[in-house]
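Quantities reported herein were computed from a predicted structural model and do not represent experimental measurements.
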Amino acid sequence: MVVNRKIHFEISERKILLRIFDVLTVLLALYLVGIIFNFNYFNISTTNYYWTIVLGIYLNTIGTVFEMYSLQVASNQFQVVKSIVLTSSTTVLIYLLTPIYTPNLPTNRMQIIFFYVAILLSLLLWRLFYVKFLASSRFEKKVILICDKDQAEELILGLQNVDPHYKVMGYVNSDSHQISDLKKKKDFVKNIDIDQLERFVIENSVSEVVIASQKTDGITVNLYNQLIHLLENGFIIREYTQVYENITQRIPVQYVARDFYRYFPFSRSNQNQLYLMMVRIVEIAISIIGLSIGIMLLPIIFLGNLIGNRGQLFYTQDRIGKNGVPFKILKLRTMIKNAESNGAVFTTINDSRITAFGKFLRKARIDEFPQFLNILKGDMAVIGPRPERPVFVNEIAEVMPFYETRHVVKPGLTGWAQVNYSYGETIDDSLIKLQYDLYYIKHRSIFLDINIVLKTFSTVLFYRGQ
């Protein structure tokens, strides 16, 4: 069998590619500038190799904060230019101001201009090349889905809305009870006859088959044999929940039904005492710093509350913590008095109950500062699922059997759901945020924690709180 497949980079591979080539193009540009012009501020050599390492770390870290490694931003010409300007400017500024690990400040200002322009232009040229060629459809991944006909559209959109380059060419209907109804409903994508599966894969340069059927009777002997033959010839066969998790970085609880815990091995970090001790030490340090900043901002906040809110500055509210134990959360008031006189409701976009000053506090995440006290007390962590109110927990748990799984870890000031999804207004929003929360619980690690912290900085800097 002749296998003809187009080039496709997985999401993780694309992000690594961007990080590596960002550093390489900048170093190449600085090397060329040093040869062509009288530029000697940054020289690459074995004696000062750490200058290069520090610059690479700064680029990757600051680039993460300004979302240069978000594939949605990286594929958008306007957004990526904005991120590059911010990243280049901040990187150069911090690099110049840390001469212990970097070259001494140059006396000639032209050296600084050469340094900045080399970084800015090299990143612009490389990233525009990426947008034009590497982010194009020629690198799309063609797949076939094996699923029930009535689930095909939802399953396909669940993947393609996150990664447009993941193209589902067709599906094989695995529901034997619906075969007689195939002609009555219009297919979202091409329906492939089981006997034509292998031929379709070859003719359309399909590189992966994804199985989403949970019905064993839908995988017939004929279909099973064709899948084995494809596997023997180098084609990848994967299970849908695995693919969904890798692409979306969420746990697809809506597709695994009662078999949820079979797909959900908890992260070892949840029971790793060394990890938990290190996290706790960092949390205490961050809380002390956060409270110190909050105290310094308190006079301005008090004045703004006096003018804009005209009422009590602080308030407490019952929230559900680890293991389902309730606690009192402390926040700055952002709503009008008696905002819930008709009962508890979800906060919505442009909620009329939020005051003008309260909107500012929410956007800048300043209303969360008092929660550092909750972190010091041990009720909360810096990172974890956001604590929800008991009334909403009970309401959501009735329709989402796995919702209370998020209580196996401490609730957090920020979390994977907060940095990846907007404020939850409905039960459907809560489902998506639950998927992110469970992904964090499953993959909890120091690296994921650092990623969340950097994304949180992006949220604050770009004024995205609500």
For the residue pair T102 / Y58, report whether a side-chain donor-acceptor contact shorter than 3.5 Å exists.
no
Among side-chain atoms of Y403 and N394, is any donor-acceptor pair under 3.5 angstrom?
no
Step by step, work out the side-chain contact (heavy atoms from CB on, under 4.5 Å) result for I94 and I62.
CA-CA 10 Å; I94 294 177; I62 296 168; 3.7 Å; yes
CD of Q79: more than 12 outside heavy atoms within 6.0 angstrom?
yes
Should W416 and V419 count as side-chain neighbours, where that means a heavy-atom distance under 4.5 Å?
yes
Are a donor atom and an acceptor atom from the side chains of Y116 and S89 found within less than 3.5 Å of each other?
yes
Derivation and outcome, side-chain contact (heavy atoms from CB on, under 4.5 Å), residues N40 and Q111:
CA-CA 7 Å; N40 51 30; Q111 297 289 308; 3.1 Å; yes
Could you give me the CA-CA distance, side-chain angles and deciding distance for M278 and L274, then say whether side-chain contact (heavy atoms from CB on, under 4.5 Å) is met?
CA-CA 6 Å; M278 290 174 60; L274 178 61; 4.1 Å; yes
Interatomic distance, K82 atom NZ to E67 atom CD [nearest 0.5 angstrom]:
8.0 Å
Could you tell me whether the side chain of E368 and the main chain of K331 form a donor-acceptor pair under 3.5 Å?
no
Check the side chains of N309 and T355 for a donor-acceptor pair under 3.5 angstrom, ignoring hydrogens and angles.
yes
Okay, side chain of E208, backbone of R238: is any donor-acceptor separation there less than 3.5 Å?
no
For the residue pair F327 and M380, what are the closest heavy atoms and their distance?
CZ-CG, 3.6 Å
Please assess K455 against N420 for the test side-chain contact (heavy atoms from CB on, under 4.5 Å), listing each intermediate value before the final yes or no.
CA-CA 8 Å; K455 282 177 174 282; N420 284 291; 4.0 Å; yes
Under 3.5 Å, side chain of N305 to main-chain N/O of I301, donor-acceptor pair present?
no
Below 4.5 Å, heavy atoms only, C-beta onward: do I293 and F372 meet side chain to side chain?
no
If you define the side chain from C-beta out and look only at heavy atoms, does anything of P411 sit under 4.5 Å from R386?
no
Distance check, rounded to the nearest 0.5 Å: K433 atom NZ versus I396 atom CD1?
9.5 Å
Is the closest basic N to carboxylate O distance between E245 and K442 below 4.0 Å?
yes
Could you check if a side-chain atom of L71 sits within less than 4.5 angstrom of a side-chain atom of L18, using non-hydrogen atoms only?
yes
Does a side-chain N-to-carboxylate-O contact under 4.0 Å join E388 and R319?
no
Is the shortest side-chain heavy-atom distance between F188 and Y171 below 4.5 Å?
no
F42 and Y31 aromatic centres sub-6.0 Å:
no
Check whether the side chains of N272 and S269 place a donor and an acceptor atom closer than 3.5 Å, and report yes or no.
no
First locate atom OH of Y315, then atom CD of Q312, and finally report the distance between them rounded to the nearest 0.5 Å.
10.5 Å
Intermediate values then yes/no, side-chain hydrogen bond (donor to acceptor under 3.5 Å, both in side chains), Y69 and N451
CA-CA 11 Å; Y69 304 109; N451 193 2; over 6 Å; no
What's the shortest heavy-atom distance between N43 and W51, and which atoms?
O-CE3, 3.8 Å
Salt bridge (Lys or Arg N to Asp or Glu O under 4.0 Å) for R389 and D318? Distances and angles first, verdict last.
CA-CA 6 Å; R389 298 171 65 179; D318 288 333; over 6 Å; no
Could you tell me whether R127 and D22 make a salt bridge, using a distance below 4.0 angstrom between a side-chain N and a carboxylate O?
yes
Grab the two heavy atoms, one from I375 and one from S287, that are nearest each other, plus how far apart they are.
CG2-OG, 3.1 Å
I156 side, atom CD1; E154 side, atom CD - distance, nearest 0.5 Å
11.0 Å
Does one side chain, of T334 or R353, offer a donor that lies under 3.5 Å from an acceptor on the other?
no
First locate atom OG of S292, then atom CZ of F369, and finally report the distance between them rounded to the nearest 0.5 Å.
10.5 Å
Side-chain contact test, heavy atoms from C-beta onward, threshold under 4.5 Å: evaluate it for D379 versus Q371 and give yes or no.
no
Is the centre of the F133 ring less than 6.0 Å from the centre of the F129 ring?
yes
Going by side-chain hydrogen bond (donor to acceptor under 3.5 Å, both in side chains), name the residues that satisfy it together with T414, two or more places apart in sequence or in a different chain.
T456
Mind listing the closest non-hydrogen atom pair of L30 and F115 along with its distance?
CD2-CD1, 3.6 Å
Within the side chain of N76, is there an N or O that forms a donor-acceptor pair under 3.5 Å with the backbone of F78?
yes
So, does T98 use its side chain to make a donor-acceptor pair with the main chain of Y101 at under 3.5 Å?
no
Looking only at atom types and distance, does a side-chain atom of Q418 sit under 3.5 Å from a main-chain N or O of G412, one as donor and one as acceptor?
no
Would you say CZ of F21 has more than 12 non-hydrogen atoms from neighbouring residues, nucleotides or ligands within 6.0 angstrom?
no
pair F314-P370: side-chain heavy atoms closer than 4.5 Å
yes
Is the number of heavy atoms from other residues, nucleotides or ligands within 6.0 Å of CD (Q317) greater than 12?
yes
With no hydrogens and no angle check, is any side-chain donor or acceptor of N246 less than 3.5 Å from a backbone partner on Q242?
yes
Listed by chain and number, what are the salt bridge (charged side-chain N to carboxylate O under 4.0 Å, His left out) partners of R250, not counting sequence neighbours?
none
Close side-chain approach of K15 to L17, heavy-atom, < 4.5 Å:
no
Which atoms form the tightest heavy-atom contact between V23 and G56, and what is the distance?
CG2-CA, 4.0 Å
Output the distance between atom NZ (K377) and atom CG (L373), rounded to the nearest 0.5 Å.
8.0 Å
Under 3.5 Å, side chain of N270 to main-chain N/O of V408, donor-acceptor pair present?
no
For residues P385 and V409, report the shortest heavy-atom separation together with the two atoms involved.
CD-CG2, 3.6 Å
Between S75 (side chain only) and Q72 (backbone N and O only), is there a donor and an acceptor less than 3.5 Å apart?
no
Basic-acidic side-chain contact under 4.0 Å: E283, R280:
yes
Verify whether one side chain among Y166 and N161 offers a donor that lies under 3.5 Å from an acceptor in the other.
no
Between F37 and F114, is the ring centroid distance below 6.0 Å?
yes
